[in-house]
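Residue numbers run from 1 in the order of the sequence given.
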Amino acid sequence: QVQLVESGGGLVQPGGSLRLSCAASGFTFSRYAMSWYRQAPGKERELVAIINSVLGSTSTRYADSMKGRFTISRDNAKNTVYLQMNSLKPDDTAVYYCNARPSYGPGSEYWGQGTQVTVSS
């Protein structure tokens with residue numbers, strides 16, 4: 001059974017840091033692009049960051065508002081993707097979701113249940 005389990009969310013003060021983790025199982029992790037999305041109340045779900053490895057080359061992509069503050073990484077040996085979040089702002093408050101898509105070609109897409117991040121003083 002495919003599972004994506006997020007952890008690491010919580011309450012943090014503005015300017016603080018938080019690291020989210022997403023533990024994957026049930027599929028060949030290294031063959032999938034992993035990404036983080038978030039959804040704030042009243043807003044559409046948006047892409048935060050994506051990391052993909054194809055032919056030995058790893059690429060990352062970030063939403064403009066996250067560039068320079070967030071870093072996505074993955075550990076294929078642990079089947080885990082991370083999101084390091086620094087300089088957090090109240091606008092970063094959202095439910096953060098882990099997503100998996102095949103790196104190449106068609107295939108199933110998987111989502112985690114999400115973890116709540118609240119940035120507030």
Side-chain angles (χ1 to χ4, degrees):
Q1 182 178 356
V2 171
Q3 289 187 331
L4 296 174
V5 182
E6 301 96 334
S7 62
L11 176 65
V12 64
Q13 295 184 352
S17 298
L18 209 60
R19 190 178 80 156
L20 306 182
S21 298
C22 173
S25 61
F27 63 98
T28 305
F29 182 79
S30 62
R31 297 178 183 175
Y32 281 71
M34 302 299 299
S35 61
W36 288 95
Y37 287 75
R38 71 183 186 185
Q39 187 166 25
K43 297 183 178 180
E44 296 181 349
R45 186 172 297 188
E46 63 175 339
L47 177 68
V48 174
I50 184 169
I51 184 166
N52 195 16
S53 296
V54 179
L55 300 177
S57 180
T58 300
S59 63
T60 59
R61 181 165 63 90
Y62 301 88
D64 288 342
S65 63
M66 272 69 84
K67 291 180 180 178
R69 299 191 299 122
F70 292 6
T71 302
I72 188 170
S73 62
R74 66 191 295 166
D75 187 337
N76 287 346
K78 296 181 179 179
N79 287 357
T80 302
V81 62
Y82 306 94
L83 183 68
Q84 178 66 46
M85 304 184 292
N86 299 323
S87 301
L88 284 163
K89 306 173 181 179
D91 285 349
D92 295 320
T93 296
V95 177
Y96 285 71
Y97 298 91
C98 182
N99 171 270
R101 289 178 179 269
S103 296
Y104 180 80
S108 298
E109 179 183 31
Y110 306 113
W111 291 92
Q113 295 296 311
T115 184
Q116 176 71 48
V117 172
T118 302
V119 184
S120 176
S121 59

- Between R38 and S65, which heavy-atom pair has the shortest distance, and what is it? NH2-OG, 4.0 Å
- Message: If you define the side chain from C-beta out and look only at heavy atoms, does anything of L11 sit under 4.5 Å from S120?
- Response: yes
- Would you please say whether a donor-acceptor pair under 3.5 Å links the side chains of N52 and S59? no
- Other than Y62, what residues sit in its cluster of Ile, Leu, Val, Met, Phe, Trp and Tyr side chains whose heavy atoms are under 4.5 Å apart, directly or through others? V2, L4, V12, L18, L20, F27, F29, Y32, M34, W36, V48, I51, M66, F70, I72, V81, L83, M85, L88, Y96, Y110, V117, V119
- Would you name the heavy atoms of A33 and I50 that are closest together and state the gap between them? CB-CD1, 4.3 Å
- Query: Going by atom types alone, do D75 and T80 pair a side-chain donor with an acceptor below 3.5 Å?
  - Reply: no
- Item | Closest non-hydrogen atom pair, A94 against Q116 | O-NE2, 3.5 Å
- So how far is it from R45 CZ to L47 CG, rounded to the nearest 0.5 Å? 11.5 Å
- Query: With the 4.5 Å side-chain cut-off for hydrophobic clustering, are V5 and Y97 part of the same group?
  - Reply: no
- Message: Does atom CD (E109) have a neighbourhood of more than 12 heavy atoms from anything else shown, all under 6.0 Å?
- Response: yes
- For atom CZ of R31, decide whether the heavy atoms of other residues, nucleotides or ligands shown that lie under 6.0 angstrom number more than 12. no
- Message: Rounded to the nearest 0.5 Å, what separates atom CZ in R101 from atom OG in S35?
- Response: 7.0 Å
- Item | From CA spacing to verdict: side-chain contact (heavy atoms from CB on, under 4.5 Å), T58, R74 | CA-CA 10 Å; T58 300; R74 66 191 295 166; 5.6 Å; no
- Message: Is there a side-chain contact (heavy atoms from CB on, under 4.5 Å) between N79 and S25? Walk through the geometry before answering.
- Response: CA-CA 7 Å; N79 287 357; S25 61; 5.6 Å; no
- Message: How close do S103 and S53 get, counting heavy atoms only, and between which atoms?
- Response: OG-O, 4.0 Å
- For G107 and P102, work out which heavy atoms get closest and say how close. CA-CG, 3.5 Å
- Measure from the side-chain N and O atoms of T93 to the backbone N and O of P90, and report whether any donor-acceptor pair falls under 3.5 Å. yes
- Message: Tell me the closest heavy-atom pair linking E6 and Q113, and the distance in Å.
- Response: OE1-N, 3.1 Å
- Query: Does D64 come within less than 4.0 Å of K67, counting only side-chain N to carboxylate O?
  - Reply: yes
